[in-house]
Amino acid sequence: QAVTKLFDKDSTIRESQLVIDWLEKCAHDVMDNYGDNVKFFSDRAVAWENTLHKLKKSGGVTYGNERPLVTEMDPDAPFRQKKMLDDLDQEDEGRLLQYLFICLRAGQIEKAQEVCKSHGQAWRAATLEGWRLYHDPNFEGPNGQIDPVVGNPYRVVWKSMCWAMASDTKYDVYEKSLYGALSGNLRAMLPVCKSWSDHVWAHYKVLVDIRAETEIRTMCAVDKSLDIPQEYWDQPSDPESIFNRIEANENVQRESQDFYHVIQKWVILGDVEKLLDVMAQWIRGQENTLPQHLIRFMAHVVLFLRSTQHRVNEDKCNVVLEAYVKYLIEEDHKELVSFYVSKLPPAAQVHWYALFLEGITDVDEKQMCLQLAEEVCLDIPQITKTVVENIRNKSGGGLAAGEGLSLDVTVTEEDKTKIAAIDWLVFDTAQRAEAMKQANAVMRTFIAVQKLTAAREVFNKLPVDSIDIIYRNWHLQTGTDELSADDENAIREYLCTKAYLDAMDGFNEWFNKFHHTKPAEPSAPHAASFTEKVAFEHRLKQYDQELERWQRGLLAQTENTTKLIYNVLLFANGGWMVDQREDDSDSGRKQQLESLRQLTIPRLCFLLHDILHKTEQYGACLQIADHVASEQFTLYKVFRQDELQHLLHLLRESSVAVLNQNKDPLGYEIE
C-alpha cells in the first residue's frame, strides 16, 4: 500500500518505472535469440547431475590427482566445504546464472524461476521471491474468508543477505548481479552491463528501489537490527546524476554519444527544449552525413511532440522537418512530400513544395502532386506561381542583350523546362490570369534573344479562351467587368506578343517565298535543232506563267506581312508593349517592356524596309519615315543614334531608286 501510494503521487518514480519497462521490453525482443542458443549439459531436473553421478560412482572418495569434489549436494556445499563441482556442472552453472540474469534483464522473472525449477534448483527460484513487497489483505477488514498473505515479511533480512553475497568474491559475477538487480545493488550489476541500455536499466532499477525503500521506512515500522549497508543509500538516485555517471563510464562513453541514445536520454529526462536543440544542431552541422533513418525518426519525434500540445521551439522543429522534406524530395518519394510539407509554416510550404514540383515533368504526375497538395490544404496558387518563377529565373530572369542576334529556331532543354513550367498554372482555370502573366514573362525573355519558336510554344500553352476566362473569373470575384490594372496590362501584353509573333511568322513566310519559291528561268540552248527551239519556247512560256503567279503570290504575301508588321509598329492605344494603366507592383516588368520595345521596333522597321525595297515598293519604304517620326506613336524614341542613321541610309537607297523611276525623292509622281 505504501509503494502503491508512492507511485500514485510521485510522477518521477512512475516515469522511472516506464523507462525500466521499456528497456526490459527491448531486451525481451532479443532474448529468445540467446535462449535458443543456450545448451545446458544437464537436461534433467537434477542439479549438478555430473557431480552426483561421480559421487555415487566413487562413494564420495577422491582418487589420485583428481580435484576434490564436494561430498554433499546441498546448495551451500561448494562454499561451505570449499570444494569443486564437476567441470561440466561448473560450466553448466555459469551458463544457467547468465541466462537467469538475461531473463531478469528482460523483465521475465517468472521465466527465470521456471528455468531454475526445471534444472533442479527450486531453492534458487524461491530466493528470487525475496524482493516482493509484503502485504496481508486480512488487515483490511473481515470479508468472510481468510486471504493468503503475499510478499516477504523479512524483506530487509533478504536484502542485507543479497548485499553480503555481492561483496563475497567466491560467488559468480552473474549470480551477484542477479541478486543485485533485485536488491538495488548497482555495484553488483555493473560488471555484467555491456551496453548503454544495460547501464541505464541498472541505474534506474536502483533509483526505483531506493525511492520505494525510503517510502516504506517513512510509512511503516521496519526492523533495523539487520539493516542494509550505507552504500545502498549513497547510490545515485536522480535521473540527471545517473546519465552523468553513465557518460563518464569508459566502457560505454562512446556508445553514449550515439544519435539514438542521445535522443533517448533527453526524452527520458523530459527536457524537450534540449532535445530539439540537439537535433537542430545535428541538422545544421552534419546533415549530409546523418543516417537517413535518423532524420526520418527525428521528424516523427517533432510531429509527436506537437501532437501532445507541448510548447516547443517552432524554429528548431522546422529545421528538422525541412531536413526530412529535403530527403523525401531527393529520394523521389512523391506520395509523402505533401504531408510533411504541410507541417511547415506557410512560407516554407510554398518554398519546399515549389522546389519539389520543379523536378516533376510528367503531366499525370503533375496533376497527382497538385491533388495531393490540395488534400493537405497547401496554397496551390502561390506554389505553382513560385514553381514557374523559380524555373524562369534560373538563368537570371532578366532580358539578355539581343542586338545583332539572328533568328534562333532551336529549343534547348532549359527552354523546354521553362515552357513546360506553364503547365502548372494551366491546370486550374482560376489561375488563368497568373498563367498569362508568367507566360508573358517567359515570352519576353525568348523574344529578346530571337527565340521565336520557343516563344510560340509558350504562347500555345495558353488556351485560346484564356482572356474570356480571366474576365469571367474576375466578374465572379468582384461582380464587375473592369479588371485590375495588373490583369488588364497582362492581357494587353499577351495581345502585343501575339501581334509580334504573327508578324514574324508572316515575315518568315515572305522570306521563304521570296528566296526559295521563285521559278528558275530556263536557259537557251546553243546550236539547237528546230525541235529543241520549240521545246525551249514552251518552257519559256511556262516560266512566264509561273513567274506571274509567283509575283501575284509574293505581292499578296508582302501586303499581308506589311499589315502584320504595322499591327505591331502602330499598335493601338499607346503603342506596342505600353501599358494602358499604371501598375507599380512590378517595376522590373516595366523596365523589361521598355527594353523589348528598344530591341524589337527598330528591328521590325528594318525588316519592313527590306520587304518593301526588295519588292520595289519604294514609295511605301519612304512612308516608314513618316510613322517613325510621328508624334502620335513616338517610335523614334526607341531608336539609338546608330539605328536612326542606319534607317536614314536605307531610306536614302529607296529615294535613289524612286528617282530612277522618274518620281520625286518622296515617291510622288512628277507633274
Side-chain angles (χ1 to χ4, degrees), residues 15 18-30 33 193-201 203-204 239-240 242-244 246-345 348-349 351-353 355-356 359 376:
E15 292 169 0
L18 285 174
V19 174
I20 294 172
D21 295 342
W22 162 62
L23 291 168
E24 290 178 347
K25 176 63 171 62
C26 294
H28 180 261
D29 292 340
V30 298
N33 296 334
C193 290
K194 297 180 174 62
S195 66
W196 179 87
S197 298
D198 292 341
H199 279 260
V200 175
W201 174 80
H203 280 81
Y204 268 79
E240 289 79 7
I242 284 175
F243 282 101
N244 291 337
I246 294 174
E247 290 170 3
N249 190 303
E250 295 181 356
N251 296 327
V252 291
Q253 192 173 46
R254 185 172 182 178
E255 189 182 358
S256 298
Q257 304 305 315
D258 176 81
F259 293 121
Y260 293 102
H261 289 333
V262 172
I263 293 174
Q264 290 163 349
K265 166 190 170 181
W266 295 116
V267 170
I268 291 172
L269 294 177
D271 193 339
V272 173
E273 196 62 34
K274 185 63 177 178
L275 170 64
L276 292 175
D277 185 53
V278 167
M279 293 193 299
Q281 286 180 4
W282 288 343
I283 296 294
R284 294 185 180 116
Q286 47 186 322
E287 179 182 355
N288 295 330
T289 60
L290 291 178
Q292 296 174 344
H293 191 73
L294 174 64
I295 298 176
R296 176 180 181 274
F297 171 67
M298 292 192 297
H300 288 86
V301 168
V302 167
L303 295 179
F304 169 75
L305 292 174
R306 283 180 172 178
S307 70
T308 61
Q309 307 298 319
H310 202 290
R311 293 185 61 185
V312 294
N313 186 309
E314 289 297 332
D315 291 339
K316 295 174 183 177
C317 289
N318 293 331
V319 168
V320 176
L321 291 175
E322 286 181 3
Y324 186 52
V325 167
K326 180 181 177 182
Y327 158 72
L328 292 176
I329 294 174
E330 291 174 349
E331 295 298 318
D332 201 28
H333 293 293
K334 296 182 179 67
E335 297 81 3
L336 299 178
V337 174
S338 60
F339 172 79
Y340 293 95
V341 167
S342 69
K343 305 303 178 183
L344 296 171
Q349 290 178 4
H351 168 75
W352 283 105
Y353 209 69
L355 185 65
F356 164 61
V376 293

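Predicted model only: the values in this text are computed from it and were never measured.
Atom NE2 of His300 is separated from atom CG of Leu305 by 12.5 Å, given to the nearest 0.5 angstrom. Rounding to the nearest 0.5 Å places OG of Ser195 at 11.0 Å from CG of Asp258. For the atom pair Trp196 CH2 and Ile246 CD1, the distance stands at 7.0 Å (nearest 0.5 Å). Distance check, rounded to the nearest 0.5 Å: CD of Glu335 to CG of Asp332 gives 8.5 Å. Annotation: the span from Ile295 atom CD1 to Leu321 atom CG amounts to 12.0 Å, rounded to 0.5 Å.
Distance alone, capped at 3.5 Å, places no donor-acceptor pair between the His261 side chain and the Gln257 backbone. Without hydrogens or angle criteria, His203 side chain to His199 main chain gives a donor-acceptor distance under 3.5 Å.
Residue Cys317 is tested with Lys343, Met279, Met298, Arg306 for a side-chain contact (heavy atoms from CB on, under 4.5 Å); the sole match is Arg306.
Proximity of Ile263 to Val278: side-chain heavy atoms (C-beta onward) are nowhere separated by under 4.5 Å. Side chains of Ile268 and Phe243 form a contact here, defined as non-hydrogen atoms less than 4.5 Å apart. By the 4.5 Å heavy-atom criterion applied to side chains, Val200 and Ile242 are not counted as neighbours. By the 4.5 Å heavy-atom criterion applied to side chains, Trp352 and Leu344 are counted as neighbours. At a threshold of 4.5 Å between non-hydrogen side-chain atoms, the residues Glu15 and Tyr204 do not count as touching.
Closest approach of Pro345 and Asn318 over heavy atoms only: CG-ND2, 3.2 Å. The shortest heavy-atom contact between Val320 and Ala280 is CG2-N, 4.4 Å. Closest non-hydrogen pair, Val262 versus Ser256, comes out as CG2-O, 3.5 Å. The two atoms that bring Asp315 and Asn313 nearest to each other are N-OD1, 3.0 Å, heavy atoms only.
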Run the numbers on Leu276 and Val302 for side chain to side chain contact (heavy atoms under 4.5 Å, CB included), then give the verdict. CA-CA 8 Å; Leu276 292 175; Val302 167; 4.0 Å; yes
Output, in order, the C-alpha distance, side-chain angles, deciding distance and verdict of side chain to side chain contact (heavy atoms under 4.5 Å, CB included) for Leu269 and Trp266. CA-CA 5 Å; Leu269 294 177; Trp266 295 116; 3.9 Å; yes
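In this structure, Phe356 and Tyr353 have tilted ring planes: the angle between them lies in the 30° to 60° band.
By the 4.0 Å N-to-carboxylate-O rule, Lys25 lies close enough to Asp29 to be salt-bridged with it.
When ring centroids are compared, Phe297 and Phe259 stay outside the 6.0 Å threshold.
Under the side chain to side chain contact (heavy atoms under 4.5 Å, CB included) criterion, His333 pairs with Tyr327, Leu328, Glu331, Leu336, not counting sequence neighbours.
Applying the salt bridge (charged side-chain N to carboxylate O under 4.0 Å, His left out) definition to pairs two or more places apart or across chains, those involving residues 263-273 are Glu247-Lys265, Glu273-Lys316.
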